[in-house]
J.: 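My structure is below; once you've seen it, I'll send some questions.
A quick note: this is a predicted structure, and the numbers were derived from the prediction, not measured. A, B, ... follow the sequence lines: proteins, then strands. Residue 1 opens every chain.
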Protein chains: 2
Amino acid sequence: MTRHYPHTKRILVAVDCIIFGFDQNDLKLLLTKRSFEPEKGKWSLIGGFVQDDESLDDATKRVLYKLTGLKNIFMDEVKVFSEVDRDPMERTISVVYYALIKINKNLKLSRDYGAQWFSVDDLPVLIFDHNNMVDAAHEKLRWMARHQPIGFELLPKKFSIPQLRRLYEAIYDKELDKRNFSRKIIAMSMLEKLGEKDKSTSKKGAYLYRFDKRRYRELVNKGLNFEI
Amino acid sequence: MTRHYPHTKRILVAVDCIIFGFDQNDLKLLLTKRSFEPEKGKWSLIGGFVQDDESLDDATKRVLYKLTGLKNIFMDEVKVFSEVDRDPMERTISVVYYALIKINKNLKLSRDYGAQWFSVDDLPVLIFDHNNMVDAAHEKLRWMARHQPIGFELLPKKFSIPQLRRLYEAIYDKELDKRNFSRKIIAMSMLEKLGEKDKSTSKKGAYLYRFDKRRYRELVNKGLNFEI
DNA sequence: TCAAAAGTGTTGACCCTACACCCATGG
DNA sequence: CCATGGGTGTAGGGTCAACACTTTTGA
């Protein structure tokens with residue numbers, strides 16, 4: 001015997017991803033050319049319908065993997081967009097995620113989606129309510145970056161303090177005092193200083209650091225609360 | 001011509017609400033006896049399926065109204081629960097909201113749901129993943145109450161500082177220094193002091209205040225950031 | 001008159017901000 | 001040798017936490 005809840009018209013469930021990356025000085029996000037109707041050919045977020053056998057997290061991982069070839073991407077739910085007419089073709093609710101990835105030469109984007117990086121403050125018009133999704137995701141990113149150590153997800157494993165500062169300046173769209181910033185971040189003692197220097201942005205070179213996740217967790221257990 | 005996206009098995013979309021209330025000293029939440037299969041008769045969150053013609057917010061408002069008779073309840077999305085087998089009957093994803101209401105003698109709960117208030121730290125076992133939903137909602141409430149002035153939604157329009165403090169003590173499950181607390185909250189100057197006193201909890205009586213939303217917005221525009 | 005809750009002030013520690021100069025080095 | 005970005009120290013103000021006693025009044 002198969003039992004069912006009472007019938008309602010079908011509601012499709014989708015996920016859409018705001019994929020952030022950081023490229024030296026700019027916070028960017030990845031947009032794709034929509035490959036199917038409606039609005040085929042327009043700029044849109046990457047997304048997909050949730051399948052029978054997957055949770056929303058699974059669906060998001062699948063979508064991200066197909067585009068970037070990466071697994072274990074940092075991702076976080078933002079909110080659900082569910083206005084009745086948001087998709088003109090059929091009733092679809094969409095759960096928005098943001099994801100953080102490291103832009104570097106190893107990153108090989110699938111050619112299938114016509115994906116392109118855009119600076120967050122110079123975006124094209126997107127389909128449906130996708131611009132609103134971006135706004136919501138950006139706001140959540142700012143909030144989370146301030147209170148959780150997620151900024152490191154956007155940087156290479158080894159990074160310099162000035163690089164980290166530029167990242168936060170890009171996220172907050174605000175200049176930060178370099179002395180205060182480095183004092184604060186070092187005082188949290190969750191960074192491991194490496195011997196090497198990064199000379200790509202200056203002649204003197206800047207010391208490289210690594211985020212020490214284990215140490216961070218210890219500190220949190222001792223009552224540290226991260227805030228930048 | 002009707003166009004459709006490719007077919008997938010139907011996924012039902014539901015909302016579930018964690019309704020918080022504050023009763024003098026305790027943070028409570030409202031549970032109902034489930035009235036349909038599966039798990040009929042067990043304690044559960046109040047919820048409902050999203051209908052064709054409503055957004056998630058609409059659905060949540062409808063569910064809250066049917067139970068409490070109230071409109072304009074404060075509510076906020078927490079996250080989506082979407083594990084494939086979370087509902088044994090049929091694939092259902094559920095969007096969790098928390099809502100804040102004022103418990104008082106005007107509150108007339110519908111008799112249809114067998115609803116009952118429970119102290120947040122003395123809850124029964126709930127159906128499905130509802131206990132996890134409560135945990136997620138409670139965490140979000142703590143977070144939000146610290147950073148946004150939502151605590152007032154749980155108190156009567158007129159309230160005393162000690163009452164407000166007891167509320168925050170209940171939310172954080174932590175004692176707060178009454179001198180520091182009242183200094184801090186008054187310094188934010190978003191409360192309007194009224195002439196009257198509340199004598200229900202002491203012989204001396206405590207001055208009543210009102211939250212001044214307009215003033216609060218002004219302060220935020222001037223760069224205040226609320227934090228308790 | 002006493003019990004019970006409300007109200008109030010001070011101090012020291014810490015943290016945050018603002019600010020300017022020297023260092024290292026590749027070109 | 002000089003232009004460029006990296007690195008560092010200090011002082012003042014503000015904020016926060018810790019702490020105890022007086023006030024009011026109903027019972």
J.: May I ask you to decide whether A/E169 forms a salt bridge with A/K174, counting only side-chain N to carboxylate O separations under 4.0 Å?
T.: no
J.: Would you say D/dT15 has OP1 or OP2 under 4.0 Å from some side-chain N or O of B/K184?
T.: no
J.: State which residues pass salt bridge (charged side-chain N to carboxylate O under 4.0 Å, His left out) with A/D135; sequence neighbours excluded, sorted by chain then number.
T.: none
J.: I need the NZ-C1' distance between A/K199 and C/dC23, as an integer number of Å.
T.: 12 Å
J.: Measure the shortest side-chain to side-chain distance between A/E83 and A/F81 over non-hydrogen atoms and say whether it is less than 4.5 angstrom.
T.: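 A side-chain contact is absent here, since even the closest heavy-atom pair is not under 4.5 Å.
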J.: The helix from C/dT1-D/dA27 to C/dG27-D/dC1: angle between its terminal axes, five pairs each, to 10°?
T.: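 About 0°, once rounded to a multiple of 10°.
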J.: Whole-Å distance between D/dC19 P and B/E175 CD?
T.: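 It works out to 13 Å between those atoms.
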J.: Verify the neighbour count for atom CG of B/D173: are there more than 12 heavy atoms of other residues, nucleotides or ligands below 6.0 Å?
T.: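 Atom CG in B/D173 is not packed in, count stays at 12 or less.
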J.: Between C1' on C/dC15 and CE on A/M188, what's the gap in Å once rounded to a whole number?
T.: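 So the two atoms are 13 Å apart, to the nearest Å.
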J.: Applying ring-ring contact (aromatic ring centres under 6.0 Å, His included), name anything that partners A/F74, two or more places apart in sequence or on another chain.
T.: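 Per chain and number, A/F74 pairs via ring-ring contact (aromatic ring centres under 6.0 Å, His included) with no residue.
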J.: Tell me the ring pair (Phe, Tyr, Trp, His ring centres under 6.0 Å) pairs involving residues 195-228 of chain A, sequence neighbours left out?
T.: A/F152-A/F211, A/F211-A/Y216
J.: Quick one: which protein N/O atoms are closer than 3.5 Å to N/O atoms of nucleotides 4-7 of chain D? Pair and distance per line, please.
T.:
{"residue": "D/dG6", "atom": "O3'", "partner": "A/G205", "partner atom": "O", "Å": "3.4"}
{"residue": "D/dG6", "atom": "N7", "partner": "A/K178", "partner atom": "NZ", "Å": "3.1"}
{"residue": "D/dG6", "atom": "N3", "partner": "A/K204", "partner atom": "NZ", "Å": "3.3"}
{"residue": "D/dG7", "atom": "OP1", "partner": "A/Y207", "partner atom": "N", "Å": "2.9"}
{"residue": "D/dG7", "atom": "N7", "partner": "A/K178", "partner atom": "NZ", "Å": "3.2"}
{"residue": "D/dG7", "atom": "O6", "partner": "A/K178", "partner atom": "NZ", "Å": "2.9"}

J.: Parallel, tilted or perpendicular, judged at 30° and 60°: which one describes the rings of B/H130 and B/F128?
T.: perpendicular
J.: Fit a plane to each ring of A/W43 and A/F118, take the angle between them on a 0 to 90° scale, and name the class: parallel (under 30°), tilted (30 to 60°) or perpendicular (over 60°).
T.: perpendicular
J.: Kindly point out which of C/dT25, C/dT8, C/dT10 is positioned nearest to the side chain of B/R183?
T.: C/dT10
J.: Rounded to whole angstroms, how far apart are CG on B/L208 and P on C/dA6?
T.: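 Going from CG in B/L208 over to P in C/dA6 covers 12 Å.
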J.: Closer to the 5' end of DNA chain D via nearest nucleotide, is it A/N180 or B/D177?
T.: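 Upstream on the strand: A/N180.
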J.: Could you state the atom-to-atom distance from NZ of A/K174 to C1' of C/dT17 in whole Å?
T.: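 Going from A/K174 (NZ) to C/dT17 (C1'), I get 11 Å.
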J.: Between P on C/dT8 and CZ on B/F181, what's the gap in Å once rounded to a whole number?
T.: 15 Å
J.: Is it true that a side-chain atom of A/S82 and a backbone atom of B/L56 form a donor plus acceptor pair closer than 3.5 Å?
T.: yes
J.: Is B/E192 salt-bridged to B/R210, going by a charged N under 4.0 Å from an acidic O?
T.: yes
J.: Is B/D23 close to B/W117 at the side-chain level, that is, under 4.5 Å between some pair of heavy atoms?
T.: no
J.: Specify the residues of residues 218-228 of chain B, ordered by number, for which at least one heavy atom lies under 4.0 angstrom from an atom of DNA chain C.
T.: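 The stretch gives none, as no residue of it lies under 4.0 Å from the strand.
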J.: Calculate the interatomic distance between A/D198 atom CG and C/dA24 atom C1'; express it in whole Å.
T.: 15 Å
